[in-house]
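Heads up: the structure comes next, in structure tokens.
Computed from heavy atoms alone, side chains included, the values below leave out hydrogens, waters and symmetry copies.
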Amino acid sequence: MQLIDGKKVSADIKAEIRAEVEQMVKDGKRRPHLVGILVGHDGGSETYMANKVKSCAECGFESTLIRYEDDVTEAELLAKVQELNADPAVDGFIVQLPLPKHISEQKVIEAIDYRKDVDGFHPVNAGRMAIGLPCFKSATPAGILELLARYNIDTKGKHCVVLGRSNIVGRPVAELMMQKSYPGNCTVTICHSATPDIASFTHQADIIIAAIGKPAFLKGDMVKDGVVVIDVGTTRVPDASRKSGFRLQGDVEFANLAPKSSFIPPVPGGVGPMTIVSLMKNTLLAAKGEIYHG
Ligand code: GUN
């Protein structure tokens, strides 16, 4: 079993990005600028956003955090999105999800100029990715593929079982894993909440990408020996032994799965840091105008 070290890979890539940014600055260009919008005080979202701001500094980017209270109106948020769309000093921006119930996430996502949608959530980017066109790739799926590539994990002709069909992870990662390039070229099966007997599918899998948000769902007796496991889950579960009172639990039962796996990441420290790296890569691409011009 080899542990997939997302922390190390993400640090390596951030260093690569930083070197490129410093060269850009030497060439007289301004630093890439990412703006994050955070609504409310959800613990998970606070942590994600703090890590994104920190990563911007590590990559040599400028970053701006805009905060709203939970009672911000949809109209106020949409007005800010329009303002950022029009601001030439902003290369890319993200609205941290989830949003409060009274705000339509889809409306907000669709209001973002797809040329600044560095999360890759806008239907234009989602659609372009699905048909293999240049775009801002959805951050977590792109991070997962980057991990597979950096560990030289063989994917061609393999059976990849994706657990979950969310727009943020399950659906887009399934699309990427079947694309005709590396990493990819897999036979892909997507299992979800209406799939009977999920174990019958995971038993056949060479690669399992678990993104259903159910703590420790995938058990050791549900996989074959040598499986590659990618755990996307990060659910906060109560843990009295921690100062915070909780720990992050992935979608897989690590202790029983690790001995049967060829590759597996820890949670935290696996996919999480890679999502942020993808966001940084997209922001750099946005600043360079490499995907969409003008
Ligand atoms: N909430 C959970 N993951 C993400 C992400 O990658 N981007 C945004 N904007 N919100 C999220």
Side-chain angles (χ1 to χ4, degrees), residues 4 6 9-10 13 48 94 97 109 117-195 198 201-202 204-214 217-218 222-223 227-235 250-252 257 261-268 270-282:
I4 295 181
V9 174
S10 72
I13 298 174
Y48 282 133
I94 58 169
L97 306 179
I109 288 169
D117 166 44
V118 284
D119 257 330
F121 290 169
H122 190 284
V124 168
N125 283 310
R128 289 178 68 94
M129 194 183 86
I131 57 173
L133 293 176
C135 62
F136 294 124
K137 284 187 186 146
S138 188
T140 301
I144 292 169
L145 267 74
E146 184 84 51
L147 275 182
L148 295 171
R150 295 258 168 170
Y151 279 86
N152 290 314
I153 293 170
D154 190 15
T155 58
K156 188 175 181 181
K158 303 295 180 189
H159 184 190
C160 175
V161 172
V162 176
L163 304 180
R165 56 178 159 182
S166 72
N167 289 341
I168 293 184
V169 188
R171 187 186 299 263
V173 84
E175 285 163 359
L176 290 178
M177 291 303 283
M178 69 173 145
Q179 71 187 350
K180 200 170 179 178
S181 53
Y182 177 78
N185 250 324
C186 287
T187 303
V188 177
T189 301
I190 306 178
C191 298
H192 48 72
S193 51
T195 306
I198 287 179
F201 295 98
T202 55
Q204 301 172 37
D206 303 304
I207 301 168
I208 300 175
I209 301 174
I212 42 171
K214 287 191 182 162
F217 173 84
L218 188 72
M222 292 168 71
V223 304
V227 67
V228 174
V229 178
I230 302 292
D231 188 355
V232 189
T234 49
T235 307
D251 285 351
V252 319
L257 262 166
S261 310
S262 54
F263 292 90
I264 187 168
V267 171
V271 172
M274 295 305 296
T275 296
I276 297 183
V277 152
S278 302
L279 178 65
M280 300 295 118
K281 283 177 95 170
N282 280 345

(message) Are Asn185 and Gln179 packed together at the side-chain level, in the sense that at least one heavy-atom pair is separated by less than 4.5 angstrom?
(response) no

(message) Donor-acceptor pair, distance only, cut-off 3.5 Å: does the side chain of Thr195 make one with the backbone of Ile198?
(response) no

(request) For Asp251 and Lys214, indicate whether the former's side chain and the latter's backbone hold a donor-acceptor pair under 3.5 Å. (result) yes

(message) Test side chain to side chain contact (heavy atoms under 4.5 Å, CB included) on Thr234 and Tyr48; report intermediate values, then the result.
(response) CA-CA 11 Å; Thr234 49; Tyr48 282 133; 3.2 Å; yes

(message) Please check: side-chain N/O of Asp117 versus main-chain N/O of His122, any donor-acceptor pairing under 3.5 Å?
(response) yes

(request) For residues Val271 and Ile144, determine if any side-chain heavy atom of one lies less than 4.5 Å from a side-chain heavy atom of the other. (result) yes

(request) With sequence neighbours excluded, tell me which residues meet salt bridge (charged side-chain N to carboxylate O under 4.0 Å, His left out) with Glu146. (result) Arg150, Lys281

(request) Please name the pair of heavy atoms, one in Cys191 and one in Val161, separated by the smallest distance, quoted to 0.1 Å. (result) SG-CG1, 3.9 Å

(message) What's the separation between atom SG in Cys186 and atom CG in Leu176, rounded to the nearest 0.5 Å?
(response) 11.0 Å

(request) Say whether, by atom type as modelled, one donor and one acceptor occur between the side chain of Ser138 and the main chain of Ile168 under 3.5 angstrom. (result) yes

(request) To the nearest 0.5 angstrom, please state how far the CD1 atom of Ile13 sits from the CD1 atom of Ile276. (result) 12.5 Å

(request) Apply side chain to side chain contact (heavy atoms under 4.5 Å, CB included) to Tyr151 and Val228, showing your working. (result) CA-CA 11 Å; Tyr151 279 86; Val228 174; over 6 Å; no

(request) Would you check if Phe263 and Leu147 make a side-chain contact, meaning some heavy-atom pair closer than 4.5 Å? (result) no

(message) Does any part of the side chain of Val173, heavy atoms only, come nearer than 4.5 Å to the side chain of Leu145, both counted from C-beta?
(response) yes

(request) Answer yes or no: is there a donor N or O on one side and an acceptor on the other, between the side chain of Asn282 and the main chain of Lys137, under 3.5 Å? (result) yes

(message) My understanding is that only residues two or more places apart in sequence, or in another chain, count here; which of them pass side-chain hydrogen bond (donor to acceptor under 3.5 Å, both in side chains) with Arg171?
(response) Asn167

(message) What I'd like to find out is whether the side chain of Ile4 reaches to under 4.5 Å of the side chain of Ile153, using heavy atoms alone.
(response) yes

(request) Please answer whether the main-chain N or O of Val223 pairs with a side-chain N or O of Thr202 as donor and acceptor at a distance below 3.5 Å. (result) no

(message) For Glu175 versus Ala126, what's the shortest heavy-atom pair and its separation?
(response) OE1-O, 4.4 Å

(request) Could you tell me which non-hydrogen atom of Asp119 sits nearest to which non-hydrogen atom of Leu279, and how far apart they are? (result) OD1-CD1, 4.1 Å

(request) Please step through side chain to side chain contact (heavy atoms under 4.5 Å, CB included) for the pair Thr187 and Lys158, ending with a clear verdict. (result) CA-CA 6 Å; Thr187 303; Lys158 303 295 180 189; over 6 Å; no

(message) Nearest 0.5 angstrom please: Leu133 CG to Asn125 CG, how far?
(response) 10.5 Å

(message) Quick check for you: to the nearest 0.5 Å, what is the distance between Leu257 atom CG and Ile264 atom CD1?
(response) 5.0 Å

(request) First locate atom NZ of Lys180, then atom NZ of Lys156, and finally report the distance between them rounded to the nearest 0.5 Å. (result) 8.5 Å

(message) My understanding is that only residues two or more places apart in sequence, or in another chain, count here; which of them pass side-chain hydrogen bond (donor to acceptor under 3.5 Å, both in side chains) with Thr140?
(response) Thr275

(message) Does Ser193 form a side chain to side chain contact (heavy atoms under 4.5 Å, CB included) with Arg165? I'd like the steps, not just the answer.
(response) CA-CA 9 Å; Ser193 51; Arg165 56 178 159 182; 3.3 Å; yes

(request) Return the minimal non-hydrogen interatomic distance between Arg128 and Pro134, and the atom names on each side. (result) NE-O, 2.8 Å

(message) Quick check: closest heavy atoms across Gly184 and Thr155, and the distance to 0.1 Å?
(response) O-OG1, 2.9 Å

(request) Grab the two heavy atoms, one from His159 and one from Gln204, that are nearest each other, plus how far apart they are. (result) ND1-O, 3.5 Å

(message) Return the OH to CG distance between Tyr182 and Leu148, rounded to the nearest 0.5 Å.
(response) 6.5 Å

